[in-house]
Amino acid sequence: MIDLRLLRTQPERVRTAMARRGSAELLAQLDETLHLDERAREIVARRDAIRARVNDLSKQVGQLRKAGDANAAESLQAESRILGDEEKGLAAEYDDVQGAVRDLLLRIPNVPHDEAPDGTSDHDNPVVKGPFGLLDDYPAHQRVPHWETATALGVLDNERATKISGAMFTMQRGLGATLSRALCQYALDTNADAFEEIRPPSLVTTATLTATGQLPKFADDAYAIERDDLWCIPTAEVPLTSLYGGEVLDEAQLPIRMMAYTPCYRREAGSAGRDTRGMLRAHEFDKVEILAVTTPAQGAEMLIELRDRAERLISGLELPYRIIEICTGDMGQSHHRSFDLEVYAPGCDNWLEVSSVSWFSDYQARRADIRYRTAGEKGTQIANTLNGSALAVPRVWAAIMENHRQPDGSVSIPTALRPYMRGATSIPAAS
RNA sequence: GGAAGGAUGCCGGAGUGGACGAACGGGACAGUCUCGAAAACUGUUGAGGUCUUCUGGGCCUCCGUGGGUUCGAAUCCCACUCCUUCCGCCA
């Protein structure tokens, strides 16, 4: 959620910043929020005044009863009863208006960072680093898409995955399955110097999925287990961000760094029919996420740390990559500033998004109610959250299949992964 | 899945309808004492909202969550959640 108080006190500043996202509807929402908020405050002031009067009368009733003056008590009670009815009406009205404000607030996106580039779509995302390792010319044996080569090598079996679970599910076998797991372990081990490894639940409550911003607006993108009112996580960001939800941390604890491997579940409601082949898009995939809870002041530096860590993983796999920054028109709802890492896959002839690193300012933390206290100071402050995919397995897997394919059809395992491959140094060509 | 008990402030723990934002103890912080420290003594010590004539003050809310009863609820009633113990089942 954005800071309602900021919207109230500096509406023009918020409006200007939000305008950069390029949505006229959004500006109307801001106005409506402001308007409803004003009404809510007016109602609550009247409600509280009545409550104060009722509280006062009740105290007097107590004293009169003690003193044995039943008649006087009765008459005050009657007065209080009438006030009570009035209060009930105002309270209901307040709950309605306040609820409407909250509904709006939950759907209003984050304010973009000042330095985030302007733009209207993903075409306007500037390349800020790289490309690195990109060849001028790719030989023919690398120009074959991974779904063909990997299937032929027996390490990808999407046909049977579909038989078991339906469209857009994938299955890796043999060294292909081992490679998936190796990528996870590589990502976890590489970041273990500073990040605590967590194995969180993959099923979360509605409240948890609301905290990170997926609900209420993007309910169609998530798998729901309605009978138990649980949701499958689309990313480890969801449970990790809410890990300290509702808690007040000591500033000295910050920044908190965590990482987790989890499966990720996405309905891909808007992308049916897109990227249906191979490993580019699936309903279920593996990912290692790195995440930080910081003070607002630590945010900018942490964003770069997470980005550097994601970059280190990719460059360690000897893959051609570049880093782009997401422009205001292409930014996700919760994002304050974000970068994507893209890997070039010569077989698909495409840049694949393999990591997204984002700073959420206090947007998620306000929803999740993650606060911190500075020693010696009164009150609490809302934390900042950041996260990044350390490594999203399927697309990296695909990029390895295409970039590391040898002229004989085998696929060489990047050195960094070999410790996790039970001695295998390559996926041998089909005989 | 069945049964019983429980949920109160930073922690422990009282409180079963009237001045309770909450006794008492511990912790933490500040002061007194001291060369300094310990001990002792004194004081302070939750969060959120809103208004304001704003280095302050007023009012409202919060005792697991949500409803209800009442002039008045931590306290009574209902539902739910979570925890503990026992039984059953189980990777």
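Reminder, nothing fancy here: chain letters follow the sequence lines and each chain counts from 1.
- Between G2(B) and U61(B), the two C1' atoms lie 39 Å apart (nearest whole Å).
- Between Glu42(A) and Arg39(A) there is no salt bridge, since none of the side-chain N atoms of the basic residue sits less than 4.0 Å from a carboxylate O of the acidic one.
- For A7(B), the paired nucleotide is U81(B), the pair qualifying as Watson-Crick or G-U wobble because both relevant distances are below 3.5 Å.
- You'll find that the side chain of Lys378(A) is closest to G46(B), out of C60(B), G46(B), C71(B).
- The pair Arg8(A)-Asp37(A) meets the salt-bridge criterion, with a side-chain N (NZ, NE, NH1 or NH2) lying under 4.0 Å from an Asp/Glu carboxylate O.
- The pair Arg373(A)-Glu251(A) does not count as a salt bridge, with every side-chain nitrogen at least 4.0 angstrom from each carboxylate oxygen.
- Among the heavy atoms of the strands, none lies under 4.0 Å from Arg46(A).
- Among the nucleotides A47(B), C60(B), G18(B), the one closest to the side chain of Lys66(A) is G18(B).
- Atom pair Glu74(A):CD and C71(B):P shows a separation of 9 Å (rounding to whole Å applied).
- At C60(B), one or more side-chain N or O atoms of Asn55(A) fall inside 4.0 Å of OP1 or OP2 (strictly under the cut-off).
- Atom pair Arg39(A):CZ and U50(B):P shows a separation of 17 Å (rounding to whole Å applied).
- The nucleotide whose nearest atom lies closest to any side-chain atom of Ser58(A) is, among U50(B), G48(B), C71(B), C71(B).
- Within the 4.0 angstrom heavy-atom criterion, no nucleotide atom of any strand lies near Gly84(A).
- Both Ala49(A) and Gln381(A) sit near RNA chain B, but only Gln381(A) has its closest nucleotide nearer the 5' end.
- Note: CD1 (Ile382(A)) to P (A47(B)) measures 14 Å, nearest angstrom.
- With salt bridges taken as basic N to acidic carboxylate O contacts below 4.0 Å, none links Glu247(A) and Arg371(A).
- A salt bridge links Arg309(A) with Glu305(A): at least one charged nitrogen is closer than 4.0 Å to a carboxylate oxygen.
- Here the C1' atom of nucleotide C60(B) and the CG atom of Asp56(A) are 14 Å apart, to the nearest Å.
- Nucleotides C82(B) and G58(B), compared at atom P, are 41 Å apart to the nearest Å.
- OP1 and OP2 of C59(B) both lie 4.0 Å or more from every side-chain N or O belonging to Arg51(A).
- Nucleotides G9(B) and G15(B) are separated by 14 Å at their C1' atoms, to the nearest Å.
- G46(B) and C54(B) have their P atoms separated by 25 Å, with the value rounded to a whole Å.
- Centroid-to-centroid, the aromatic rings of Trp359(A) and His335(A) stay 6.0 Å apart or farther.
- Under the Watson-Crick or G-U wobble criterion, with both distances below 3.5 Å, U50(B) is paired with G58(B).
- Across all strands shown, A37(B) remains unpaired; no Watson-Crick or G-U wobble contact has both distances below 3.5 Å.
- We find that OH of Tyr94(A) is positioned 15 Å from P of C60(B), with the value rounded to whole Å.
- Rounded to whole Å, the C1' atom of G57(B) lies 35 Å from the corresponding atom of G67(B).
- For Ala52(A), the listed nucleotide lying nearest its side chain is C59(B); candidates were G46(B), U50(B), C59(B).
- Separating the CG atom of Leu83(A) from the P atom of C60(B) is a distance of 13 Å, rounded to the nearest angstrom.
- When the nucleotides U50(B), U69(B), C71(B) are ranked by their closest atom to the side chain of Lys88(A), U69(B) comes out on top.
- Comment: Asp56(A) engages Arg53(A) in a salt bridge, judged by a side-chain N to carboxylate O separation of less than 4.0 angstrom.
- Across the protein-nucleic acid pair, Asp228(A) atom CG and U81(B) atom P stand 11 Å apart, rounded to whole Å.
- In this entry G43(B) has C29(B) as its Watson-Crick or G-U wobble partner, both defining distances falling under 3.5 Å.
- Comparing Arg65(A) and Glu377(A) against RNA chain B, the residue whose closest nucleotide sits nearer the 5' end is Arg65(A).
- With both ends at atom C1', the span from G13(B) to U70(B) equals 29 Å, rounded to whole Å.
- Taking the P atom of each, C77(B) and U69(B) are spaced 15 Å apart, rounded to whole Å.
- Comparing A47(B), C71(B), C60(B) by their nearest atom to the side chain of Val61(A) picks out C71(B).
- Regarding contacts with the backbone of G48(B), a side-chain N or O of Thr380(A) is found under 4.0 angstrom from either OP1 or OP2.
- Looking only at side-chain heavy atoms (C-beta outward), Val238(A) and Ser242(A) stay at 4.5 Å or farther from each other.
- In this model, the phosphate group of G49(B) is approached by a side-chain N or O of Arg5(A) to a distance below 4.0 Å at OP1 or OP2.
- With P as the reference atom, G64(B) and G21(B) are 16 Å apart, rounded to whole Å.
- For C59(B), the OP1/OP2 oxygens have no side-chain nitrogen or oxygen of Arg53(A) closer than 4.0 Å.
- Pair assignment for C86(B) gives G2(B), based on Watson-Crick or G-U wobble hydrogen-bonding distances that are each under 3.5 Å.
- Atom CG in Asp369(A) sits about 10 Å away from atom C1' in G48(B), given to the nearest Å.
- When both distances must be under 3.5 Å, the Watson-Crick or G-U wobble mate of G21(B) does not exist.
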